[in-house]
Amino acid sequence: MGKALEEIRWNIKKEKEIRDEWFNSKIYEFNPNSPNIFVIDTPPPYPSGKPWHIGAAAHYSEIDMIARTARMLGFSVLFPIGMDRNGIGVERYAEKRFKISIHTIAREEFLKCCKQALDELEAEMIEIMKMLGISGDFDKYYQTDSEEYRKLTQATFIDLWKRGLIYFDTRPNNYCPVCKTTIADAELEYEEIKTKLVYIKFKVENNKELVIATTRPELLCACQAVLVNPNDERYKDLVGMKVKIPIYEREVPIMSHPIVKIEFGTGAEMVCSYGDYNDVMLFRELMLKEIIAIDLDGRMTEVAGRYAGLKVEEARERIIEDLKKEGYVVKIEEVIHNVPTCDRSHNPIEIIPMQEIYLKQLPFKEKMLEIAKELEFLPEFHRQLLINWINSITKDWPISRRRYYATEIPIWYCKKCLEPHVPEPGKYYKPWKEKAPFSACKKCGNKEFIGEERTFDTWFDSSITPLFITKYKADEKFFEKTFPVSIRPQGKDIVRTWLYYTLLRCYQLTGKNVFKRAWISGYCVDEKGEKMSKSKGNVIDPIPVIERYGADAFRFWAASESSLGYDFRASEKRFQNASLFITKLWNIARYISQFEVISNFDESKLLPADKWILSELKKVYEKCLNGYNQFNFFIPANEMREFLWNKFAAHYIEMVKKRAYGDGFTLEEKRAAIYTLHKVMKISLKLLAPIIPYITEYIWKTLYSEKSIHTEKWDDKIEIEDLTTLTDKILEFNSLVWRQKKEKGLSLKDSIKIEIPVELRIFEKDLKSMHNIL
RNA sequence: GGGUCCGUAGUCUAACGGUUAGGACGCCGCCCUUACAAGGCGGAGGAGGCGGUUCGACUCCGCCCGGACCCACCA
């Protein structure tokens, strides 16, 4: 403290020492007994590949800014770090990483591989978080695949089971033949895919021909009816007749239904089980008998005749060839089709009826809408994403998955009567390899059981993170103090999954809204505004960026590039820009550090220029706090950059340089300048501390205090006469003098004759010495 | 097809319905000026379109166009 800054620029190698000191001195430790508690439900990142998305790194930097902001506002902050380690993503990664297949390797072996893959990926993510200066608790970070976490997941299931919110049902479901599991609507991703719309001739019983357009000719074998619109004059007299399905020669009825659009295709549609959810709905409504044409491997079943055993796409190509050969095809059009695909494998899903386990969500729609309306959203406009999703829910949530690396569903079935038995909570159960904890079936008395082999949907685990971190059912006192959670930060892309499921699950379990506010950020896109993806080759690895520019520059980029909730761009140029500000800040501090800190000074002795910059600072202070109160770091980042760079450094420092050196001024005047320089510096550091924690800490400790800046609060008082109305005048006048000197070929040191405007007369002495005005 | 958000220079953005629309990065030209050439000075470059309200519109309203995202049964 009290030392001058020597080095010509900020050395990012210092970041590590500073970080070690933070963790050694435990300045971020959470105190559950504090009267002001702030709890962050940090998104546990999902390790699913390398490198970690630079947008995720930026996102975590901002979440850290939330934590640091809350501390500076006077809260004790619970900022846990977690890892979401269950589900399909890591299984697919492990399959590639170790060149194995979930379908051929033993379950136990497969789990080991997944765990190893997770540990590798996780190590890199934790390393990045630490580099970034994340002030969360790394000593006890949690993992959703830990025994403790899975125990809680299972306990919540058991609770819901006992309350009758869980049921079994066999119904057509989204099924991914690649992942070989049922998936929920929330896991669907629609992709535009080019498909062939094939026009096929059907023979009607009156020997006329009826042409039908379809994108799924391979499902001809599962066709049970042909539909036309009741108002379609062309087909009116055909309704009620039978048509023969090409190739299969089976007869199905022609029926009418208003859902059929007269203009699309030929106005006639075939209904197959199951091409899409339209078919599902029609089968139910028209009481048609389903024909299962696709099996769990995504291959055609025996009903497909000569196409049996072929994959769906192969069968489609083959049947089109055969139809052409046999003269059934009228024409083929290429259409772009929005196809539902699996969000993990990106393979088109099939609709296959299977028995799955469901969690009731339809009865909670009203309540969820209420919660969606009362929850505070930052920014407000993202509330609509949640409301839209809730309104669009039409089915309960299928929570069972035919996967391995996930939390086991704790059910055993009686081997004789198949009655399901659910154990008592408090233990982590693995029914696929453990003996049932029951002596006899409660229904038939049989003594043998079969363990459930399926696991939960990942979202069933990750939707209780706020309960896990507040020690729900584990530490009642702690839970009471920390629940509900102050803030849920997350990206806008997972509003329909993570946010919705968390609100639903926590409401079902606690009867309450779990969050005070939701903080929703936009996507990080590339320099052209396009989504980053490995296939496009525009992915940026965050590690080299942080190594080259430092964590502060990285964080300043994340904070200053776009306002809360909007998408923001990443590029080399942008990182450079951010690092320029870090350098500027360093140089300002370096200049000021040559003067001894004056802590006590009678502010009535300040000169007008000092009062002017302090009143500018006062204004900026209010704006920054306003931004911080909304956890919108874009505001303080840009306000501070503008203030420090374009007002404080460019004008105030230049105005008082001579005075600070004591060149032609009294000692008191000199001291006034130095006092002001330090006061502005000190407060500016505090205003930047949550965004750029390393450099602010270093300057702070070098100049002002032995204690960390991150233990400070924003309680500064700036009471000063407002002179900000003169700001534009000052800037204009200085520019004018600089321009004139340049035009006259004068050096800045040379004297000049120029009149100081009346309203700036109060600054006359500083202005004269600054510009050497005669 | 429906919904949400958004449209200010190449990029990021600022401005109670009243300013020659401000700044930053980038670009061009000129300058070492003792915190900083990682600096300074100067310059070129902008409201998606059409209407309406108004004395006055970047700002309010409507329509159109464009973009992003979400939802949906166009076979």
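Just so you know, these numbers use all the heavy atoms, side chains as well, and skip hydrogens, waters and symmetry mates. Naming: A, B, ... by sequence-line order, numbering from 1 per chain.
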In whole Å, measure the gap between the [atom1] atoms of [N] and [M] for me.
| N | M | atom1 | value |
| --- | --- | --- | --- |
| B:rC5 | B:rC63 | P | 14 Å |
| B:rG40 | B:rC32 | P | 16 Å |
| B:rU34 | B:rG17 | C1' | 50 Å |
| B:rA14 | B:rC25 | C1' | 15 Å |
| B:rU13 | B:rC6 | P | 13 Å |
| B:rC64 | B:rG26 | C1' | 34 Å |
| B:rG42 | B:rC60 | C1' | 39 Å |
| B:rG52 | B:rG46 | P | 26 Å |

Sort out the partner of [N] for me: Watson-Crick or G-U wobble, both distances under 3.5 Å, none otherwise.
| N | result |
| --- | --- |
| B:rC25 | B:rG10 |
| B:rC58 | none |
| B:rC32 | none |
| B:rC69 | B:rG3 |
| B:rG45 | none |

Pick base, sugar-phosphate or nothing for [X], based on heavy-atom distances below 4.0 Å to the nucleic acid.
| X | value |
| --- | --- |
| A:Gly491 | nothing |
| A:Val260 | base |
| A:Glu654 | base |
| A:Tyr661 | sugar-phosphate |
| A:Ala650 | nothing |

Are A:Glu15 and A:Tyr698 close enough that a side-chain donor and a side-chain acceptor fall under 3.5 Å?
->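 No, because no side-chain N or O of A:Glu15 sits under 3.5 Å from a partner of the opposite role on A:Tyr698.
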Would you tell me whether A:Asp610 and A:Tyr652 have side-chain atoms, one donor and one acceptor, within less than 3.5 Å of each other?
->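 Result is yes, a qualifying pair exists.
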Let me know the distance between [atom1] of [X] and [atom2] of [N], rounded to the nearest Å.
| X | N | atom1 | atom2 | answer |
| --- | --- | --- | --- | --- |
| A:Ile699 | B:rA35 | CD1 | C1' | 12 Å |
| A:Gln740 | B:rU33 | CD | P | 20 Å |
| A:Ile588 | B:rA35 | CD1 | P | 13 Å |
| A:Arg641 | B:rC25 | CZ | P | 8 Å |
| A:Phe648 | B:rA35 | CZ | C1' | 11 Å |
| A:Leu731 | B:rG40 | CG | P | 13 Å |
| A:Asn646 | B:rA14 | CG | P | 16 Å |
| A:Asn772 | B:rU33 | CG | C1' | 13 Å |

Sub-4.5 Å side-chain heavy-atom contact between A:Tyr274 and A:Leu219 =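 They are not in side-chain contact.
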Given B:rG40, is OP1 or OP2 found less than 4.0 Å from the side-chain N or O atoms of A:Lys584?
->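 Looking at the OP1 and OP2 atoms of B:rG40, one of them is under 4.0 Å from a side-chain N or O of A:Lys584.
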Electrostatic pair A:Glu547-A:Lys13, nearest N-O below 4.0 angstrom =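 Salt bridge between A:Glu547 and A:Lys13, a charged N being under 4.0 Å from a carboxylate O: no.
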Are the charged groups of A:Glu732 and A:Lys729 less than 4.0 angstrom apart, N to O?
->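 A salt bridge is absent here (no side-chain N lies under 4.0 Å from a carboxylate O).
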Nucleotide nearest A:Asp276 (side chain, heavy atoms from C-beta), chosen from B:rC36, B:rC25, B:rC73 =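 Nearest listed nucleotide: B:rC73.
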Among B:rA35, B:rG39, B:rU4, which nucleotide sits nearest the side chain of A:Trp645?
->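 Selected nucleotide: B:rG39.
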Side-chain donor or acceptor of A:Lys492 under 3.5 Å from a matching atom on the base of B:rC69?
->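 Result: no qualifying N/O pair found.
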Could you say whether A:Phe634 or A:Lys657 is positioned toward the 5' end of RNA chain B, judged by the nucleotide with the nearest heavy atom to each?
->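 So the residue in question is A:Phe634.
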Closest nucleotide of RNA chain B for A:Lys749 versus for A:Ala213: which of these residues is on the 5' side?
->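 With A:Lys749 and A:Ala213 compared, the 5'-side residue is A:Lys749.
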Crowded around A:Glu759 CD? As in, over 12 foreign heavy atoms under 6.0 Å?
->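 More than 12 within 6.0 Å, yes.
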Can the ring centroids of A:Trp519 and A:Phe377 be said to lie less than 6.0 angstrom from one another?
->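 They do not qualify: ring centres at least 6.0 Å apart.
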